[in-house]
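What follows is one structure encoded as structure tokens, with my remarks underneath.
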Amino acid sequence: MSLNPMQRRAVMATEGPLLVLAGAGSGKTTVLIRRIENLMRFGRGSDCNLVPRDINEDMIKALKTRTGRCEEYAQVLPVSPWQILAITFTNKAADELKARLEASLGEAALDIWACTFHSACVRMLRRDADRLGFSKSFTIYDTQDSVSLIKQIFKDKNIDDKKLSPKQILSVISKAKTANRTAEEYYREAQSSDDLLMQKVSEIYSEYSRRMKSADSMDFDDLLLYTVRLLQGNEDVRDYWQNRFKYVLIDEYQDTNFLQYLFASLVTGRENNICVVGDDDQSIYKFRGATIENILGFEDNYENCRTIRLEQNYRSTGHILAAANSVISNNYGRKGKNLWTEKGNGELVTVYCCDNERDEGQYVAGQIIAMNRDGDNFRDFAVLYRMNAQSNSIEYALKRNGIPYRIIGGTRFFDRAEVKDVLAYMNVSAAPNDDLRLERIINMPPRGIGAKTVDTARSIAVQTGKSLFEIISAADRYPELARSATRLMQFGEMIRSFAAFAENNGTDAIYDEIVEKTGYLTYLEGKNTPEDTARAENVKELKTSVLTYMEESGDETLDGYLANIALYTDLDNYDSDSDAVTLMTVHSSKGLEFKTVFVTGMEETIFPGMSSLTSQEDLEEERRLCYVAITRAKTKLFLLCARQRLIFGRTNANRVSRFIDEIPEEHVHKYIPRGYGYSEPGFDYYSPRTAGDYYEYTPVKTRTEQRTQERSAYTPPARKAAPAQITLEPGERVTHKAFGPGTVSKLTPMGGDFLVEINFDGAGPKKLMLRAAGQFITK
DNA sequence: CGCACCACAATTTTT
DNA sequence: TTGTGGTGCG
């Protein structure tokens with residue numbers, strides 16, 4: 001009832017292939033949810049001729065009074081929850097979907113597969129990975145791991161990494177995988193071609209694959225590639241999943257790659273009940289292999305496809321939408337769509353040209369303070385930029401003005417060296433043959449096993465075709481290793497003990513065991529530098545993550561935990577509850593919305609970026625990115641540029657972004673000095689130094705300056721309804737599951753939650769959000 | 001083993 | 001400007 005006609009059509013068209021072109025802010029998620037509800041309640045009732053088309057409220061009422069029943073008449077083969085597969089791109093989106101489905105459908109929602117491509121693949125592979133030469137408890141490599149592995153291969157094969165960078169090789173390999181080419185196939189192809197680079201890469205790809213297999217590991221691309229192969233090569237497996245999933249839904253379809261397209265078509269059964277939702281104008285991940293052709297060609301790939309456009313925007317006011325529409329209309333390769341709103345024009349878009357990047361920051365800070373004074377919360381603001389390097393000047397200004405902010409992106413908690421070390425121990429305990437991770441920890445904390453020893457051991461491993469773990473476990477059998485044999489075997493013994501311990505203990509106990517027996521924490525704490533103290537904190541924080549996972553999933557297994565965090569990103573950590581301004585790249589902002597948005601660095605060579613200026617295709621992607629940025633704003637939009645900008649240690653004078661000039665004048669308020677950049681002379685020049693814009697200066701540190709000191713670590717994602725609430729009072733003695741006993745020192749209400757400060761006897765003072773941490777605290 | 005020093009390069013990154 | 005990776009020395 002609350003849907004508009006187009007949304008309703010998208011919900012009710014249950015049968016066959018359906019393409020939903022959903023503009024920004026058009027209620028896409030609502031449609032997805034209502035569609036699933038509809039499937040479960042009425043099956044195909046809304047999309048077949050067994051139920052009268054023109055059924056209306058009166059008829060329903062009549063039916064109800066006459067028979068006392070109603071719903072049954074409109075029901076045709078209602079769908080069971082486990083027959084639905086809903087794929088999203090981020091864990092966050094998946095969690096949100098799950099939460100909203102659970103809210104409206106209750107328990108039943110738990111059986112719906114609402115997950116990311118990658119986690120869907122993991123679930124399928126856990127069932128049948130043995131058919132592909134992996135164990136069912138294979139581990140997952142992240143990009144860093146993959147790079148390290150390539151580097152190792154370079155070393156072993158004496159390849160000069162000056163000429164070919166590991167990252168480049170990896171991206172070629174990734175492209176090959178995305179094009180559904182296994183190492184063997186790619187190798188064969190390369191042999192019969194005269195492309196020397198390809199031949200070289202194919203050798204590395206083969207070796208990489210071999211080592212991944214012997215480490216029983218898959219990288220992100222492998223998860224998809226192997227799943228696709230599993231489905232393509234095994235009729236019984238394919239039948240199993242196709243019979244199971246009667247209805248497949250895919251969100252953000254514009255960002256899928258070729259493999260994901262294959263995956264989607266392979267899990268979709270004969271009835272072709274596949275519904276994809278996306279917006280070709282928001283396709284911004286071409287550089288990661290996304291092919292916009294998937295969405296542009298959907299109607300050709302699926303016969304009898306129906307297409308529905310959602311163009312009514314519920315997010316932004318008129319001028320903002322007009323700006324977005326006119327910018328994107330300069331692109332050629334698009335389906336064509338025009339957003340409209342019933343909201344009225346709203347405020348004009350502000351275009352403001354600053355002197356330099358510091359003024360830009362100050363302008364943003366000044367505006368935020370003014371609007372905050374008028375009643376806006378800090379969480380109503382987002383500052384967007386094209387690249388992370390731009391964040392520093394903004395941070396500086398915000399800090400200086402005492403504005404709370406949070407940065408999305410940058411180094412993930414799970415990417416930090418110390419966290420990866422402990423995780424490597426956990427991984428190796430589950431899979432000792434993981435050479436890469438074994439090497440990572442073999443001398444961490446230092447235990448007298450030097451680089452030379454490891455080199456020797458590894459070369460023996462390569463020669464004998466055994467794993468590093470096997471070599472070091474029998475180190476006394478190799479005379480070359482005689483000198484460190486004892487230490488090596490001791491280490492091997494320790495790993496074996498962890499593996500045995502892991503057999504019959506929960507993940508939290510395994511964590512404790514590892515941290516204790518390796519002395520890793522003691523080692524960090526003993527160094528007594530602020531950096532190492534911060535690292536120690538992060539290691540302790542990891543326990544919180546373990547406990548949170550166990551709590552939320554009810555899964556105690558090490559494999560489960562490791563797979564879960566391998567697929568976890570920083571964005572999942574984003575908690576909109578705390579009252580702070582959000583800083584992030586335009587890419588990370590996709591899918592979010594804010595009352596007020598500042599887009600900084602609207603200059604040629606920044607946005608559009610330097611390397612997009614030469615290619616039409618890349619420029620169009622930048623334009624889509626700009627479209628994404630603009631459509632994040634609900635009521636106020638600021639587009640900022642600076643006539644001089646210090647970036648990467650150099651000062652540049654850039655012209656105003658062409659995207660600004662693509663917005664018709666009637667939608668903007670321009671403050672640009674005369675004779676500057678592209679613009680017409682004659683606009684007002686507003687000095688950014690207006691009284692009241694500046695605030696007392698206090699020395700502050702920006703992110704990069706304080707990285708190691710204040711890494712805010714891992715915050716458990718705020719999911720589901722709050723667990724049983726605990727009430728605390730200052731002065732009270734409590735015990736935290738990870739940090740031990742302590743005294744409550746302070747309670748501060750914050751965003752419907754409480755910030756609790758506890759002085760832990762062992763771990764020192766800590767600030768925790770009650771809603772998230774309460775479950776770990778006992779009195 | 002750990003540190004100091006230097007050269008080098010830097011879009012964007014849902015997994 | 002900044003982080004990173006390599007090298008060489010005590």
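So you know, we letter chains A, B, ... as the sequences are listed, proteins then strands, and number each from 1. Just the heavy atoms: all of them, side chains too, but no hydrogens, waters or symmetry mates, feed the values below.
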Distance in angstrom units between [X] [atom1] and [N] [atom2], rounded:
X: Gln254(A); N: dT14(B); atom1: CD; atom2: P; answer: 15 Å
X: Leu619(A); N: dT12(B); atom1: CG; atom2: P; answer: 18 Å
X: Leu625(A); N: dT12(B); atom1: CG; atom2: P; answer: 11 Å
X: Asp95(A); N: dT14(B); atom1: CG; atom2: P; answer: 15 Å

Can a donor-acceptor pair be found between the side chains of [X] and [Y] at a distance below 3.5 Å?
X: Glu439(A); Y: Gln152(A); value: yes
X: Ser545(A); Y: Tyr561(A); value: yes
X: Ser146(A); Y: Tyr208(A); value: yes
X: Gln362(A); Y: Glu360(A); value: no
X: Thr582(A); Y: Arg406(A); value: yes
X: Tyr549(A); Y: Asp555(A); value: yes

Contact check, side chains of Ile204(A) and Phe154(A), non-hydrogen atoms, under 4.5 Å: yes

Could you check whether [X] gets within reach of a base, just the sugar-phosphate, or nothing at all, counting any heavy atom under 4.0 Å?
X: Asn443(A); answer: sugar-phosphate
X: Glu621(A); answer: nothing
X: Gly591(A); answer: nothing
X: Ile87(A); answer: nothing

With respect to the side chain of Asn392(A), which nucleotide from dC1(B), dT2(C), dT12(B) is positioned closest? dT2(C)

Given dC1(B), dG5(C), dT11(B), identify the nucleotide with an atom nearest to the side chain of Lys151(A). dG5(C)

For DNA chain B, which residues of residues 277-290 of chain A approach it to below 4.0 angstrom with any heavy atom? Tyr285(A), Phe287(A), Arg288(A)

Judged by nearest nucleotide, the residue sitting upstream toward the 5' end of DNA chain B, Gly609(A) or Arg447(A), is Arg447(A)

Residue whose closest nucleotide on DNA chain B lies nearer the 5' end, Thr585(A) versus Phe648(A): Phe648(A)

I'd like a table of donor-acceptor pairs (distance under 3.5 Å, sequence neighbours excluded) in which one partner is a side-chain atom from residues 169-176 of chain A, with atom names and distances.
| residue | atom | partner | partner atom | Å |
| --- | --- | --- | --- | --- |
| Ser171(A) | OG | Gln168(A) | O | 3.3 |
| Ser174(A) | OG | Asp221(A) | OD2 | 2.8 |

Polar pairs (N or O, both sides) under 3.5 Å between protein and nucleotides 3-7 of chain B?
none

